[in-house]
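In what follows, a single structure is set out as structure tokens and then discussed.
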Amino acid sequence: MLTNLLPVWTISFQDETGSQTTIRGTFKSGYTAAEYIAFLGDLAPKVQQITTCAVVRYAVTYRMKDTDTGKPNTRLPNTNLANFSFFLTPDPTIYEVISTPLLPSLLQTTGPLAGVAVDLTQSDVINYTDEITNSIWCDPFADDIGSIYTAYAVSVV
Amino acid sequence: MAFSILPAGRLSYSLVDETGTDGRMVIHFPSSQLASIVQTNALALAPLIQAISGCAVRGISYSYELADPVFAAPLAGSRVEDKGRFLWALANGLSSKIEVPGIKPSVVLTDGAIDAADTDVTAFMDAIVAGSAYSGIDGSDIVRVTAAYQAFRRSTKGMLPSRRLAV
């Protein structure tokens, strides 16, 4: 059960040597992202006045968390990963790669790419790629993600 | 300061497999989208990720980020380890802490306390207390500052200079 947590604000600083650090705090709920950003836009120059560092970045982060804490929580990455490459709608010669854990049963079982390529005809895979293609998702430059190009397994050791 | 919002926000799913091992999936969304719409879409995608990964979604976080591509140069002698530690009283009786890196020497008194009469310090503290949106980790109101002083943090390996001896 995913539950909303309070939004978090962060402000990042850089000193003369290039070292960076980030401070964070909590926002009350009930404001829009634009309002949170406006609060930070007011705070950032005031922090700048009392620090020798440069304020380089600030952000508001919304969080949801599964409140079930009964599962172990290690820091190791999942070893069964797949990279999904999508065409970008504005420029189909550029791709956006999204990496996600993948069930081994969704890999192709025949042909030259057996065990490597993701079987894009499986219904669960189609549902996943269609949702990414048809929803709000984009690349880091806000270019809309288009149709799936290819997907393949990645080994992490 | 000329901060502008990055064109795309970053959304991250925290995943966990049956062994308890963590995984992560990152995707972006246009910053022009409302948080409520991002959350609706994120929740719609979550079960589809679970269907192809077999992992459980333990958490979702998404950020709107602003950056200054031509930020002013840090002042000479600035070090992020040199903190101005501000302690705040919360309405529920608990406390909260904010540490401003590279606190200006001009706002630190000779005994290490931060000069609460300095107008820049006052403006910063007022923005937190009277800002209405800032809170403690449990959402409790920040009522007032209870202490403000200089504090130093140990340098991490990444903060140490690459040149260890000038010859």
Side-chain angles (χ1 to χ4, degrees), chain A residues 2 6 13-17 19 21 23 25-28 31 33 36-37 39 42-54 56-66 71-78 98 100-103 106 124-125 127-128 131 135-142, chain B residues 1 7-8 15-17 20-23 25 27-30 33 35 41 44-45 48-49 51-55 58-68 71-72 74-80 84 98-104 107 120-121 123-124 127 131 133-137 139 159 161:
Chain A
L2 290 167
L6 293 173
F13 301 81
Q14 181 170 314
D15 71 15
E16 178 190 30
T17 69
S19 292
T21 190
I23 64 173
T26 313
F27 273 133
K28 295 177 201 169
Y31 295 90
Y36 288 129
I37 288 169
F39 278 114
D42 177 61
L43 181 63
K46 290 172 178 167
V47 178
Q48 184 66 82
Q49 288 301 311
I50 63 170
T51 177
T52 54
C53 300
V56 296
R57 199 176 307 116
Y58 58 82
V60 56
T61 300
Y62 292 82
R63 303 172 298 159
M64 301 186 74
K65 187 176 181 184
D66 186 345
K71 297 170 187 168
N73 192 15
T74 66
R75 303 311 309 166
L76 295 172
N78 294 71
I98 297 172
T100 184
L102 186 85
L103 288 169
L106 296 178
D124 285 341
V125 176
N127 292 339
Y128 170 76
E131 181 70 18
S135 188
I136 63 171
W137 311 116
C138 65
D139 78 345
F141 305 97
Chain B
M1 304 178 87
L15 307 167
V16 62
D17 70 15
T21 303
D22 283 340
M25 179 187 139
I27 195 166
H28 294 83
F29 58 91
Q33 293 287 351
N41 284 274
L45 185 58
L48 306 180
I49 297 169
I52 66 164
S53 69
C55 298
R58 293 295 306 276
I60 299 172
S61 67
Y62 52 100
S63 300
Y64 297 86
E65 188 172 316
L66 293 91
D68 186 349
F71 59 86
L75 299 181
S78 62
R79 296 290 184 275
V80 293
I98 296 174
E99 291 186 330
V100 176
I103 191 73
K104 270 187 180 172
V107 303
D120 290 334
V121 173
F124 166 71
Y134 299 100
S135 73
I137 195 168
M159 292 173 182

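Here is the naming used below: chain letters follow the sequence lines, and residue numbers restart at 1 for every chain. For clarity, every value in this text was computed on a predicted model and none was experimentally measured.
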field: Exam field: side chain A/Tyr36 to backbone B/Ala133, donor-acceptor pair closer than 3.5 Å
entry: no
- prompt: Between A/Val60, A/Asp15, A/Val125, which shows the greatest number of heavy-atom pairs under 4.5 Å with chain B?
  reply: A/Asp15
task: Can you sort out the partners of A/Thr52 under side-chain hydrogen bond (donor to acceptor under 3.5 Å, both in side chains), two or more places apart, ordered by chain and number?
output: none
query: What is the ring orientation for B/Phe29 with A/Trp137, classed by angle as parallel under 30°, tilted 30 to 60°, or perpendicular over 60°?
result: perpendicular
query: If you tally heavy-atom pairs under 4.5 Å against chain A, which of B/Gly59, B/Ala8, B/Ser78 wins?
result: B/Ser78
field: Heavy-atom pairs under 4.5 Å with chain A, option from B/Ala67, B/Ser135, B/Pro161 with the top count
entry: B/Ser135
- prompt: Which answer fits A/Ile23, side chain, backbone, both or neither, if we ask what part of it has an atom under 4.5 Å from a heavy atom of chain B?
  reply: side chain
- prompt: What part of A/Leu106 gets closer than 4.5 Å to chain B, counting heavy atoms only: side chain, backbone, both or neither?
  reply: side chain
- prompt: Which atoms of B/Ala72 come close to chain A, meaning under 4.5 Å heavy atom to heavy atom: side chain ones, backbone ones, both, or neither?
  reply: backbone
task: Tell me, for A/Leu102 versus chain B, whether the close heavy atoms (under 4.5 Å) come from the side chain, the backbone, both or neither.
output: both
- prompt: Do you know which of B/Ile98, B/Ile137, B/Ile49 has the most heavy-atom pairs with chain A at a distance under 4.5 angstrom?
  reply: B/Ile137
task: Name all residues meeting the side-chain hydrogen bond (donor to acceptor under 3.5 Å, both in side chains) criterion together with B/Gln33; count only those two or more places apart in sequence or in a different chain, and write none if there are none.
output: none
message: Before you tell me yes or no, could you show the steps for B/Tyr64 and A/Thr61 under side-chain contact (heavy atoms from CB on, under 4.5 Å), namely the whole-Å CA-CA distance, both residues' side-chain angles and the distance that decides it to 0.1 Å?
response: CA-CA 7 Å; B/Tyr64 297 86; A/Thr61 300; over 6 Å; no
- prompt: Quick one: of A/Thr17, A/Ile37, A/Val56, who has the most non-hydrogen atom pairs under 4.5 Å with chain B?
  reply: A/Val56
